[in-house]
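Taking it in order: structure first as structure tokens, then the write-up.
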Amino acid sequence: MLNRRNFLTAAVGVAATAGLAACAKEDGSPTGSSSGGSKTITLGFSQVGSESGWRTANTDSVKSAAKEAGYKLQFSDAQQKQENQISAIRSFIAQKVDVIAFSPVVVTGWDAVLKEAQTAKIPVVLTDRSVESDESLFVALVGSDFTDEGRRAAKILEKVLEKAGHKGKVKIAQLEGTTGAAPAIERAKGFKEVMDAEHKDDWEIVASQTGDFTRAGGKQVMAAFLQSNPDIDVLFAHNDDMGLGAIQAIEAAGKKPGKDILIVTVDGVKDGFIAMSEGKINAIVECNPLLGPQLMEVVKTVHEGGTVERWIKTKESDFMQDQAKDALPTRKY
Ligand code: AHR
């Protein structure tokens, strides 16, 4: 079995044949537009949940893009539970949808259900997050490079430290995303990569724990961090929501977020930008949730038996605090 890293490394820029979509289904009927292009595409979509502002924007993007494309969308919210996603995918297979798309809550444990989709000749497109599975079990991934986001977070932290005039050792607390989820694993990995290569002697992660990508989780874990490590210099939060929760804990501890503790987060949702324009977040690494239109394009192509890139990446930027006020009115999510 190829692991996820192999898939992503090998897959960049490689066109994969999405021939699954052109095949006949279990009942012998041809799939959608391979029978002439006039049939409405039915897309089964299993969403992770509604844990963050990013997720809400992503759900809205998928729903509106499906509507715009004229697809019939079967939407299912897994409430951050893998078993719910597996049930949703099984139900999409039973309904004989044309294409299945899902954003996997964690990276492992998908082979059995993906094999069932393959047996039913229903193409599967991953969106936002990827899996550690046999690469033949899905057609493509539409989403961000989370490892690079972690690297970008470390690089922007260098600028934040310089701007703050911080000298000497840097004690870092890390709020991780959901345990076992691709963005949590890869953002931590990318950040550590830069840290090990360039800051082995001056940066140290003194505390690191999951806040499950939620505001409540971020607040609770940050409060515990501050108890055990009152002299934290920097918070790296794997998403804005955990950062926003942490800000509440920092203020409750009588400290100034953005000054006493420098904060770098990932996502770039409006609430994150508001906190940044108030001086409470120092920098944000953007992770674009507006994947709906690209996903619908991929769905159409695979449904018609065309070829798609294995990994369709999203364009993203990084923002320092002094850009926040100008950027805020232009934020789309
Ligand atoms: O998978 C993307 C991540 O999931 C976002 O960064 C986070 O906010 C969300 O919950």
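As the structure is a prediction and not an experimental result, all values here were calculated from the model. Whatever order the structure lists ligands and atoms in, that order sets their numbers, starting from 1. Heavy-atom basis, side chains included; hydrogens, waters and symmetry copies ignored.
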Residues Pro257 and Ile263: closest non-hydrogen pair is CB-CD1, 3.8 Å

- Message: With a 3.5 Å distance limit and no angle check, can you tell me whether Asp318 reaches the backbone of Val285 through a side-chain donor-acceptor pair?
- Response: no

One finds that the ligand 1 atoms under 4.0 Å from a non-hydrogen atom of Asp267 are 5 (C), 6 (O), 7 (C), 8 (O)

Cationic tip of Arg331 within the cone over Tyr333's six-membered ring, i.e. under 6.0 Å and within 45° of the normal? yes

Quiz item: Of all the heavy atoms in Asp128, does at least one lie under 4.0 Å from an atom in ligand 1?
Solution: yes

Taking only non-hydrogen atoms of Phe213 and a 4.0 Å limit, the atoms of ligand 1 in range are 7 (C), 10 (O)

With a 4.0 Å cut-off on heavy atoms, does Asp241 reach ligand 1? no

So, for Phe236 and Trp203, is the gap between ring centers shorter than 6.0 Å? no

Near Glu51 (heavy-atom distance under 4.0 Å), the atoms of ligand 1 are 4 (O), 9 (C), 10 (O)

- [ ] Determine, using ring centers only, whether Phe273 and Phe319 are less than 6.0 Å apart.
- [x] yes

of all protein heavy atoms, closest to atom 3 (C) of ligand 1 is Arg129 NH2, 3.8 Å

For Asn239, the ligand 1 atoms with a heavy-atom partner under 4.0 Å come out as 7 (C), 8 (O)

Atoms of ligand 1 under 4.0 Å from any heavy atom of Pro183, numbered from 1 in the order shown, are 1 (O)

Fill in: Side-chain donor or acceptor of Lys169 paired with backbone N/O of Asp201 under 3.5 Å
yes

Here the pair of heavy atoms bringing Ser52 nearest to Asn239 is CB-ND2, 3.7 Å

Under a plain distance cut-off of 3.5 Å, with no hydrogens placed, do Gln294 and Thr314 share a side-chain donor-acceptor pair? no

Flag Arg55 as yes when one of its N or O atoms lies below 3.5 Å from any N or O atom of ligand 1, and as no otherwise. yes

(message) So for Arg187, does at least one of its heavy atoms come nearer than 4.0 angstrom to any atom of ligand 1?
(response) yes

Short version for Gln80: what comes under 4.0 Å of ligand 1, heavy atoms counted, is neither

Ser52 heavy atoms within 4.0 Å reach ligand 1 at atoms 7 (C), 8 (O), 9 (C), 10 (O)

